[in-house]
Structures are given as structure tokens and as C-alpha cells.
Amino acid sequence: MVKRLVLVLGDQLSQGLSALRDGDRTQDIVVMAEVAEEAGYVKHHPKKIALIFAAMRKFAQALQADGWDVQYTKLDDEDNAGSIVGELLRRAQETGAEEVICTEPGEWRLIEKLKYAPVKTHLLPDDRFIASHSEFEAWAEGRKALRMEYFYREMRRKTGLLMEGDKPAGDKWNFDHDNRKPAPDDVSVEGPLWFEPDAVVEEVLALVETRFESHFGDLRPFGFATTRAQALEAMEQFVAQALPRFGDYQDAMLESHAFLYHAVLSPYINIGLLDPLEVCQAVEKAWKKGDVPINAAEGFIRQIIGWREYVRGIYFLEGPEYPKRNILKHDRDLPAFYWGAETKMNCVSHAVEQTREHAYAHHIQRLMVTGNFALLAGVDPHHVHEWYLEVYADAFEWVESPNTVGMSQFADGGVIASKPYVSSGAYINRMSDYCKGCAYKVSVKTGEGACPFNLLYWHFLDRHRDRFKDNARMGNMYRTWDRMDGDRRETVLKDAESWLARLDAGEVV
Ligand code: FAD
Ligand code: DLZ
Ligand code: SF4
């Protein structure tokens with residue numbers, strides 16, 4: 001039999017990975033490599049690099065204990081070839097292996113590199129996802145609009161999660177109506193479970209500290225889970241403590257609570273330490289036991305078997321050029337305050353600060369604060385995409401780009417979102433406590449102290465009128481704008497223009 005290399009990438013740390021199932025531990029060799037090319041295609045947050053390297057090192061140890069021959073390359077190894085393909089070639093030469101097997105990477109860039117690698121490489125389906133490419137394609141075929149909600153129902157039927165026969169539990173597919181409560185006065189959870197760095201993690205932290213010091217973000221304190229056992233503990237803590245109120249406060253934002261009732265499990269699910277289905281099953285079990293209300297269980301399961309699967313389907317359906325789309329032709333540079341420069345907007349400043357600290361912000365912070373601002377201000381969506389890919393520990397292109405380019409920036413022209421996610425300051429004020437501590441006044445619509453979200457919201461609608469005026473979901477917005485007195489409309493647009501001019505001039509705004 002031909003001797004083969006089994007390539008395991010940094011986000012493929014799952015014992016049941018298709019490439020490991022296909023490999024033969026009596027003769028094949030597992031290749032894992034920390035390489036400059038993967039660590040550098042964007043300037044990832046140091047916590048993200050540390051999470052991946054530490055989890056890779058421990059996964060390699062677990063495979064060795066399981067009887068695999070693992071050839072592991074550390075970033076600072078002298079003969080590190082610097083890229084995944086380079087490492088494969090080196091290992092093939094060293095071992096005499098003639099072929100490579102690998103589970104399909106989650107990014108077109110790497111898929112292309114492996115397809116054209118000078119060593120014969122077989123890509124296997126990544127069946128850690130619930131829907132295969134062909135299932136998603138079959139669902140999408142012939143549909144005018146690819147709405148997540150209908151796809152999600154298929155996934156409920158396929159997995160049987162929250163199903164009573166062929167009916168959805170509680171007689172409704174979606175309990176989102178109950179999930180929009182504003183921020184609570186007090187939060188009764190401890191937050192996610194963090195882990196003290198052990199020797200392996202400390203060694204990685206020291207490496208990341210010296211090699212990636214110019215990257216945005218705090219490396220320490222570092223508390224992410226780096227093994228499957230730890231990730232399972234984090235999952236159990238979430239289910240027991242935060243899940244019961246996850247639904248109620250899913251959209252809320254509080255200055256003093258970065259995590260509220262969110263899971264903070266996406267980094268672990270995305271690198272393979274947790275299986276998406278097992279997380280959903282744990283949630284369903286808690287609901288069945290009566291520990292968790294249906295709006296929480298359904299809301300959570302929808303995020304995973306609905307949104308997560310759906311955005312992956314869109315990424316692969318739309319092809320490698322998807323992250324470059326810019327249908328609204330936005331071209332403003334990403335403002336310096338996305339990298340921590342001063343801004344008077346408390347909501348933005350807080351979301352960025354939290355991102356720097358934790359490599360984490362929850363969905364509504366990403367969508368309705370940093371994403372909303374970039375869209376309203378007309379920032380080039382490719383810059384926005386690169387920012388999200390860099391700064392979050394859970395960011396991989398297959399999941400990040402549809403969320404950013406599609407859902408958040410509407411740069412795909414509505415493949416994902418039926419209307420742009422834009423709001424004035426009123427939404428942020430309703431869902432958070434940010435406005436209380438802000439230099440701007442959320443109630444002020446024009447002139448001195450007016451909240452920039454208020455000004456830019458109308459500016460956005462006005463400048464994209466031709467595209468959105470006939471969108472049924474935006475009729476109310478345009479009717480409100482049109483009912484405004486002409487002088488007032490002019491003042492709003494003039495104030496928005498002058499605010500944007502001050503932003504472009506580098507003033508602290
Ligand atoms: P919870 O709120 O507790 O949700 C539970 C789980 O559902 C998450 O762990 C995640 O696995 C899944 N999930 C929830 N929403 C989504 C979604 N829209 N798409 C895919 N999965 C979802 N998620 C990523 O995993 N990686 C990204 O790079 C990423 N980039 C984003 C960029 C933008 C602009 C936006 C608006 C959203 C992005 N998301 C991304 C989706 C979502 O914000 C994160 O999954 C979520 O914040 C992760 O935190 P959590 O585990 O506490 O999630
Ligand atoms: C994100 C990442 C980083 C930072 N470093 C590595 C690495 O050194 N070696 C590796 O195998 N994978 C790494 N990854 C994950 C890959 O970039 C990821 O597999 C692709 O982006 C596809 O999702
Ligand atoms: Fe953000 Fe406006 Fe509220 Fe300030 S007033 S926190 S800028 S929404």
C-alpha cells in the first residue's frame with residue numbers, strides 16, 4: 001500500500017475527522033504544522049493564534065497517545081518550511097510518502113493551494129457539518145431567495161432536534177419574538193469557564209508574545225480551553241448557568257458584562273474541539289429535563305444548525321470571489337478607532353476595547369455596533385471583512401465572510417439579508433447601557449452632540465434610495481424620512497456630511 005500523509009489543520013482538531021477515519025495508523029503519518037503563512041494571511045489576534053497553536057500541540061499529543069505517528073512542526077523549528085504545502089513536501093521527502101489525505105479546508109485559499117500542490121492530495125468532505133455541499137446546493141436550487149429560516153427547518157427535520165414527530169416542539173419553529181429583551185439591570189451568571197495556562201500553553205504564549213507583538217489584541221490573561229475535555233467543561237457550565245436566559249437577553253449589551261448569557265463556544269466548535277451536534281443535543285437535553293425554556297433552547301439550536309450551517313452553505317455556493325463583493329460601492333477606509341484609537345462613540349469604543357481584551361464580542365455587538373457603523377459610514381466591506389477575520393478568536397473565512405460581507409455589510413446585494421441591518425442610535429440605546437456614558441446624546445438628531453448613528457442612518461437611506469426604495473421591508477423607513485420637513489432633511493444630511501468629513505480628516509469623533 002502507498003504510504004500517505006494525513007494532514008490535520010489547526011481548525012480540524014476532531015478525533016472523528018474524515019481524514020483520520022480514512023487514514024491507517026499502522027502506516028500513515030499525521031502531519032501538523034504551525035506555519036507563518038497561516039498565522040500571517042491576516043494579522044490574527046494573538047489570543048486566536050495562541051488558542052490554535054496550544055490546541056494543536058495538545059491534539060497532536062492525544063493522537064500520539066492513540067497510536068498515531070505524528071510529525072509536528074513548531075513555528076520556531078529551524079527547518080519549518082513556512083507554509084502548509086511546503087511542510088507536506090518536506091515530510092513527503094523525509095518519509096517517502098507519496099500521497100496526502102486531508103479533510104477539505106474551510107477556506108478557498110487553502111483548498112486551491114492543496115489542489116495544486118506538487119504532491120498528490122485527496123480532499124475528503126468535512127462531515128463535521130450537518131449539511132453537505134450537495135445537500136445545500138439541492139436546497140438552494142431553483143429558489144428565488146435563500147432565506148435561512150426555511151433551510152433551518154430542513155435541518156430540524158434532518159437532525160430531529162426539538163421535533164415532536166414531524167411537528168416543531170412547542171408548535172412553532174421560531175421563538176425569536178420572545179428573545180429581544182433589553183439589557184437586564186443585573187446579570188446573574190459567572191460568565192464563561194476559563195482555564196489557567198499549563199506548561200504547554202505557557203510555552204505557546206511566550207512564542208506568540210515574541211513573534212506577533214505587532215498584532216492588535218491582548219494576549220494575556222489567556223483562559224481559553226485548549227483540549228476537548230476543557231471545552232466540554234465550558235459547554236457544561238454554559239448549559240447549566242447561562243443557557244436558561246440566553247434567549248431572553250440574546251440581543252442585549254451591557255458595559256460591565258462582555259459575555260452576558262452567551263456561550264463563548266464558537267472558538268471551540270470552529271476548531272473542532274466540540275461537535276456542533278453534540279452541543280445542540282446537550283441543549284435539547286436540558287430543555288427536555290425542564291431546566292431551560294423553549295425560547296432559549298430553540299434560539300440557541302437555531303444559531304448552530306440554522307445560521308452556522310447556512311452561512312457555510314452560502315460561502316461554498318457563492319465561490320471564492322464572495323468576500324470581495326461590494327455592491328453598494330463603499331470605499332471609505334476603516335477608521336483608526338477600529339484599532340483602538342480614541343472615539344467619542346461609547347458603543348464603538350466599548351465593543352472594540354472588549355474585542356482587544358477577549359478576541360470576542362457577541363453577535364449584536366458585531367452586527368449592530370461595529371458592523372452597523374461601518375455600513376452607515378460607507379466603509380469598504382473588504383476592509384471590514386479583514387478586520388473581523390483578524391480580531392475574533394472564532395474567525396475563519398467560511399463563517400466570518402458571509403456574516404460580514406453578507407449579513408452585516410449587505411455587500412452581496414441581499415443573498416443573505418433581505419434588507420440591510422442598519423439602525424439609528426435608538427436601537428443601541430434600547431438594547432444597551434452604552435448611551436448613558438457617551439459624549440453624544442442619543443436623543444439629539446441634529447446639531448451639537450447629535451449621535452452619529454442618528455445622522456448616518458438617514459444619510460445611508462438617502463444615498464442608497466434607488467436601491468432600497470422598493471424594498472417592502474424598508475417602506476416605513478422611507479415614509480418616515482419623506483414625512484420629515486425638507487429643511488430638516490437637509491440639515492440632517494449636511495450634519496452627516498460634516499461629521500464624515502471630520503472622521504476622514506482624522507479628528508477624534
Ligand atoms: P452565542 O450567541 O452563544 O451563539 C451560539 C452559537 O451559535 C455560537 O457559538 C456559534 O457557533 C453559533 N452562531 C451564532 N450566530 C451565528 C452566525 N451568525 N453564524 C454562524 N454561527 C453562529 N461567528 C463565528 O463563529 N465566526 C466568525 O468569524 C463570525 N464573524 C461574524 C462577523 C459578523 C459581522 C457578525 C455579525 C457575526 C459573526 N459571527 C461569527 C456570528 C456570531 O457573532 C458568533 O458566532 C457569536 O458571537 C459567537 O459567540 P458565542 O459562542 O458566545 O455565541
Ligand atoms: C488560523 C490558523 C493559524 C493562525 N495558524 C495555523 C497554523 O499554523 N497551522 C494550521 O494548520 N492552521 C492554522 N490556522 C488555521 C487555518 O488557517 C485554517 O485551516 C484555514 O484558514 C481553513 O479554515
Ligand atoms: Fe453609540 Fe450614539 Fe449611544 Fe453614543 S449615543 S453610545 S454613539 S448610539
Side-chain angles (χ1 to χ4, degrees), residues 7-12 32-42 44 48-49 51-53 56 73 75 84 87 104-107 109-111 148 192 238 242-243 246 250 259-271 274 276 279 299-304 306-312 343-350 360-371 373-374 384-385 388-389 392-405 407-409 421 423-429 432 434-444 449-454:
L7 173 64
V8 177
L9 295 164
D11 54 354
Q12 299 183 338
M32 296 181 70
E34 301 165 9
V35 290
E37 191 168 80
E38 293 311 305
Y41 63 83
V42 290
H44 307 278
K48 176 181 175 186
I49 302 178
L51 165 68
I52 291 172
F53 286 4
M56 282 174 73
T73 309
L75 189 74
I84 295 294
E87 277 296 293
E104 182 187 70
E107 201 181 324
R109 175 187 59 84
L110 208 47
I111 293 176
M148 191 286 296
F238 163 68
L243 178 63
F246 168 84
Q250 201 180 335
F259 310 105
L260 278 157
Y261 296 94
H262 289 272
V264 198
L265 292 179
S266 51
Y268 311 143
I269 302 174
N270 293 353
I271 65 172
L274 293 177
V279 180
F300 185 87
I301 286 172
R302 174 158 28 89
Q303 304 311 312
I304 299 212
W307 281 111
R308 186 172 186 272
E309 293 287 326
Y310 166 83
V311 296
R312 175 177 187 258
T343 169
K344 292 195 264 182
M345 293 180 286
N346 195 39
C347 52
V348 175
S349 153
H350 187 77
Y360 176 86
H362 73 64
H363 189 67
I364 295 301
Q365 294 172 305
R366 298 187 205 195
L367 187 65
M368 299 312 292
V369 178
T370 43
F373 179 84
V384 185
H385 153 65
Y388 280 98
L389 194 55
Y392 292 112
D394 59 16
F396 298 89
E397 196 177 270
W398 65 266
V399 53
E400 176 280 328
S401 70
N403 271 299
T404 304
V405 173
M407 188 190 305
S408 165
Q409 300 301 296
Y421 280 96
S423 81
S424 68
Y427 174 84
I428 295 173
N429 190 35
S432 78
Y434 294 147
C435 300
K436 278 189 254 167
C438 187
Y440 294 106
K441 292 265 168 299
V442 71
S443 56
V444 177
C451 163
F453 283 83
N454 293 343

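Just follow the structure's listing: the first ligand is 1, and inside any ligand the first atom is 1. Sequence positions, counted from 1, serve as the residue numbers for this chain. Scope of the values below: all heavy atoms of this structure, side chains included, with no hydrogens, waters or symmetry mates.
Between W307 and ligand 1, no N or O atom pair is found at a separation short of 3.5 Å. When only interatomic distances are considered, the shortest N/O to N/O separation between T404 and ligand 1 does not fall below 3.5 Å. Backbone and side-chain nitrogen or oxygen atoms of V8 are examined, and none is located within less than 3.5 angstrom of a nitrogen or oxygen of ligand 2. Taking only nitrogen or oxygen atoms, main chain and side chain alike, D394 reaches within less than 3.5 Å of ligand 1. Close N/O approach between I49 and ligand 2 is not found [any backbone or side-chain N/O within under 3.5 Å]. Remark: ligand 1 and I269 share no N or O pair separated by less than 3.5 Å (distance only, no angle test). In terms of polar-atom proximity, E34 is not counted as a contact of ligand 2, lacking any N or O under 3.5 Å from an N or O of the ligand. Taking any N or O of D11, backbone or side chain, at least one lies under 3.5 Å from an N or O belonging to ligand 2.
Side chain of N429 to backbone of G425: no donor-acceptor contact under 3.5 angstrom is found. Under a 3.5 Å cut-off, the side chain of K48 and the backbone N or O of P267 do not form any donor-acceptor pair. Using a distance-only test at 3.5 Å, with no hydrogens or angles considered, a donor-acceptor pair links the side chain of Q409 to the main chain of G371. Proximity of a side-chain donor or acceptor of N454 to a complementary backbone N or O of S443 within less than 3.5 Å is not detected.
Note: F238 and F246 have perpendicular aromatic rings, judged against thresholds of 30 and 60 degrees for the angle between ring planes.
From Y268, atom OH reaches atom CG of D394 across 11.0 Å, with rounding to the nearest 0.5 Å. Rounding to the nearest 0.5 Å gives a distance of 13.5 Å between CZ of R302 and OH of Y310.
Here the closest heavy-atom approach between residue M56 and residue M32 is recorded as O-CE, 3.6 Å. Annotation for P105 and I111: closest pair O-CD1, 3.5 Å, computed over non-hydrogen atoms. Nearest heavy-atom pair, G10 versus I271, reported as atom, atom and distance to 0.1 Å: O-CB, 3.8 Å.
Ranking the protein heavy atoms by distance from atom 12 (N) of ligand 2 puts G10 N, 3.2 Å first.
Neither the backbone nor the side chain of W398 has any atom closer than 4.0 Å to an atom of ligand 2 (non-hydrogen atoms only). Proximity of I52 to ligand 2, defined as any heavy-atom pair under 4.0 Å, is confined to the side chain (atoms from C-beta onward). Residue Q12 does not touch ligand 2, judged by heavy-atom distances below 4.0 Å. For S408, every heavy-atom contact with ligand 1 shorter than 4.0 Å involves the side chain, none the backbone. Residue I84 touches ligand 2 through its side chain alone, judged by heavy-atom distances below 4.0 Å.
Residue contacts with ligand 1: Y392 is excluded, as none of its non-hydrogen atoms falls under 4.0 Å. Using 4.0 Å as the threshold, Y421 has no heavy atom nearer than that to any atom of ligand 1. Heavy-atom separations between Y360 and ligand 1 include at least one value shorter than 4.0 Å. Taking 4.0 Å as the cut-off, P267 does not count as a neighbour of ligand 1 on heavy-atom distance.
Looking only at side-chain heavy atoms (C-beta outward), V442 and F453 stay at 4.5 Å or farther from each other. In this structure, R366 and S408 have side chains that are not in contact, with every pair of non-hydrogen atoms separated by 4.5 Å or more. The closest side-chain heavy-atom distance from Y434 to Q365 is below 4.5 Å.
One option in T370, L265, L274, L243 has a heavy atom closer to atom 51 (O) of ligand 1 than any other, and that option is L265. Heavy-atom proximity to atom 17 (O) of ligand 2, evaluated over E38, H44, M32, is greatest for E38. The option from G106, A36, A393 that lies nearest to atom 22 (C) of ligand 2, judged by heavy atoms, is G106. Taking all heavy atoms of E400, R366, H262 into account, the minimum distance to atom 46 (C) of ligand 1 is reached by R366.
No donor-acceptor contact under 3.5 angstrom links the side chains of S266 and Y360, judged on distance only. In the model, T404 has a side-chain atom that pairs as donor or acceptor with a side-chain atom of E400 under 3.5 Å.
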Point to revise | L110 vs E38, side chain to side chain contact (heavy atoms under 4.5 Å, CB included): CA-CA, chis, key distance, verdict | key: CA-CA 9 Å; L110 208 47; E38 293 311 305; 3.5 Å; yes
Requested in this report: List the steps, then state whether side chain to side chain contact (heavy atoms under 4.5 Å, CB included) holds for Y388 with N403.
Outcome: CA-CA 9 Å; Y388 280 98; N403 271 299; over 6 Å; no
Worked verdict on H362 versus Q250 for side chain to side chain contact (heavy atoms under 4.5 Å, CB included) = CA-CA 9 Å; H362 73 64; Q250 201 180 335; over 6 Å; no
Inset, instruction - Could you give me the CA-CA distance, side-chain angles and deciding distance for H363 and Q303, then say whether side chain to side chain contact (heavy atoms under 4.5 Å, CB included) is met? - result: CA-CA 10 Å; H363 189 67; Q303 304 311 312; 5.6 Å; no
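Counting heavy atoms of neighbouring residues, nucleotides and ligands inside a 6.0 Å radius, atom OH of Y421 does not exceed 12 of them.
Those atoms of ligand 1 that come under 4.0 Å of a heavy atom in L367, given as number and element, are 36 (C). Of all atoms in ligand 2, listed by their number and element, those nearer than 4.0 Å to a heavy atom of V35 are 7 (C), 8 (O). Less than 4.0 angstrom separates some heavy atom of N270 from each of these atoms of ligand 1: 24 (C), 25 (O), 26 (N). Applying the 4.0 Å criterion to heavy atoms of A361 picks out, from ligand 1, the atoms 47 (O). The distance from ligand 2 to the heavy atoms of L9 drops below 4.0 Å at these ligand atoms: 11 (O), 19 (O). Within ligand 2, counting atoms from 1 as listed, the ones closer than 4.0 Å to a heavy atom of A33 are 7 (C), 8 (O), 9 (N), 10 (C), 11 (O). Within ligand 1, the atoms closer than 4.0 Å to a non-hydrogen atom of F246 are 1 (P), 2 (O), 3 (O), numbered from 1 in the order shown. Which parts of ligand 1 touch A263 is read off a 4.0 Å heavy-atom cut-off, strictly below it: atoms 3 (O), 52 (O). Ligand 1 places these atoms under 4.0 Å from at least one heavy atom of H362: 47 (O). Those atoms of ligand 2 that come under 4.0 Å of a heavy atom in E107, given as number and element, are 20 (C), 21 (O), 22 (C).
Neighbours of atom 1 (Fe) of ligand 3 restricted to protein N, O or S atoms under 2.8 Å: the count is 1.
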